[in-house]
Amino acid sequence: MSLTLRINGAEVAVTSEPDTPLIYVLRDELGLKGAKLGCGLEQCGACMVLVDGEAVPSCVSPADTFGGKEITTVEGLADDPTGARVQAAFVSHTAAQCGYCTAGLVVAVTALLQRNPDADTKTVKDALAPNICRCGSHPRVLRAVEEAKA
Ligand code: FES
């Protein structure tokens with residue numbers, strides 16, 4: 001069955017079954033490998049993408065529930081001024097260790113700074129609570145967020 005999704009600014013026809021979780025469509029059908037499959041249970045944030053400006057997990061919800069919505073993956077963030085700034089700040093602060101959680105974190109930080117460009121530290125920490133990093137790169141992530149605000 002054909003399903004049309006709007007991903008990174010373009011209409012994309014996909015052929016995966018409509019109940020396939022979005023992350024499998026992104027990674028396996030469309031080759032967008034930025035979002036990672038971690039827990040698969042909406043518990044770790046590794047699979048986050050922007051959906052109409054909100055950071056949401058893509059590992060459980062079926063692809064057809066994203067019809068008519070604007071999906072932006074980490075691959076598409078460079079076209080957004082906030083997303084580009086966040087990506088650059090993550091690079092300049094080496095805010096990744098193994099990197100598995102990084103795409104989800106970049107998406108979550110972008111969503112936060114788009115709606116609250118001057119978010120204080122507590123707000124940042126609260127917003128990033130769903131994004132788990134086992135390496136412990138949180139201090140560098142927080143420094144990257146501060147730079148991305150400027
Ligand atoms: Fe989706 Fe962990 S893989 S939240």
Side-chain angles (χ1 to χ4, degrees), residues 1 3-80 82-91 93-116 119 121-145 148:
M1 182 173 170
L3 172 67
T4 299
L5 297 174
R6 187 162 178 80
I7 301 175
N8 296 335
E11 300 281 329
V12 180
V14 298
T15 57
S16 301
E17 290 298 318
D19 60 351
T20 304
L22 180 63
I23 191 165
Y24 294 105
V25 175
L26 296 173
R27 292 180 57 83
D28 298 342
E29 183 172 345
L30 302 177
L32 295 168
K33 306 279 191 184
K36 301 293 188 290
L37 182 63
C39 63
L41 297 168
E42 298 189 334
Q43 299 293 310
C44 76
C47 65
M48 280 186 166
V49 296
L50 285 181
V51 179
D52 292 338
E54 295 294 322
V56 301
S58 62
C59 60
V60 172
S61 297
D64 66 351
T65 64
F66 295 91
K69 298 181 177 173
E70 184 73 45
I71 301 162
T72 306
T73 68
V74 71
E75 291 90 346
L77 288 184
D79 296 331
D80 173 85
T82 304
R85 217 168 48 245
V86 171
Q87 287 179 322
F90 268 65
V91 170
H93 287 275
T94 324
Q97 192 157 315
C98 82
Y100 205 81
C101 66
T102 306
L105 276 162
V106 168
V107 165
V109 172
T110 299
L112 171 65
L113 296 185
Q114 283 177 337
R115 68 174 181 275
N116 187 356
T121 302
K122 179 182 183 323
T123 302
V124 172
K125 287 181 177 177
D126 289 348
L128 300 185
N131 295 81
I132 296 183
C133 168
R134 288 182 170 223
C135 303
S137 62
H138 304 93
R140 286 176 281 160
V141 168
L142 294 176
R143 288 197 286 276
V145 175

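Counting starts at 1 for both ligands and their atoms, following the listed order. Computed over heavy atoms, backbone and side chain alike; hydrogens, waters and symmetry mates excluded.
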Trainee: Taking atom 1 (Fe) of ligand 1 as the center, what protein N, O or S atoms are found at less than 2.8 Å?
Mentor: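 Per the 2.8 Å query on atom 1 (Fe) of ligand 1, atoms found are C47 SG, C59 SG.
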Trainee: Who are the salt bridge (Lys or Arg N to Asp or Glu O under 4.0 Å) partners of D52, not counting sequence neighbours?
Mentor: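 Partners of D52 by the salt bridge (Lys or Arg N to Asp or Glu O under 4.0 Å) criterion come out as none, since no residue qualifies.
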Trainee: When you compare the side chain of E54 with that of R115, does any pair of heavy atoms fall below 4.5 Å?
Mentor: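 With C-beta onward as the side chain, the pair touches.
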Trainee: With a 4.5 Å cut-off on side-chain heavy atoms, are L26 and I7 touching?
Mentor: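 In contact.
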Trainee: Mind checking what makes salt bridge (Lys or Arg N to Asp or Glu O under 4.0 Å) contact with E42, not counting sequence neighbours?
Mentor: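 Counting only residues at least two positions away or on another chain, E42 forms no salt bridge (Lys or Arg N to Asp or Glu O under 4.0 Å).
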Trainee: In the structure I gave you, are the side-chain heavy atoms of L22 and I71 within less than 4.5 Å of one another anywhere?
Mentor: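 In short, these two side chains touch, coming nearer than 4.5 Å.
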Trainee: Taking salt bridge (Lys or Arg N to Asp or Glu O under 4.0 Å) as the definition, give me every residue that meets it alongside R6, ordered by chain and number, with sequence neighbours left out.
Mentor: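 With neighbours one apart ignored, the set is E11, E70.
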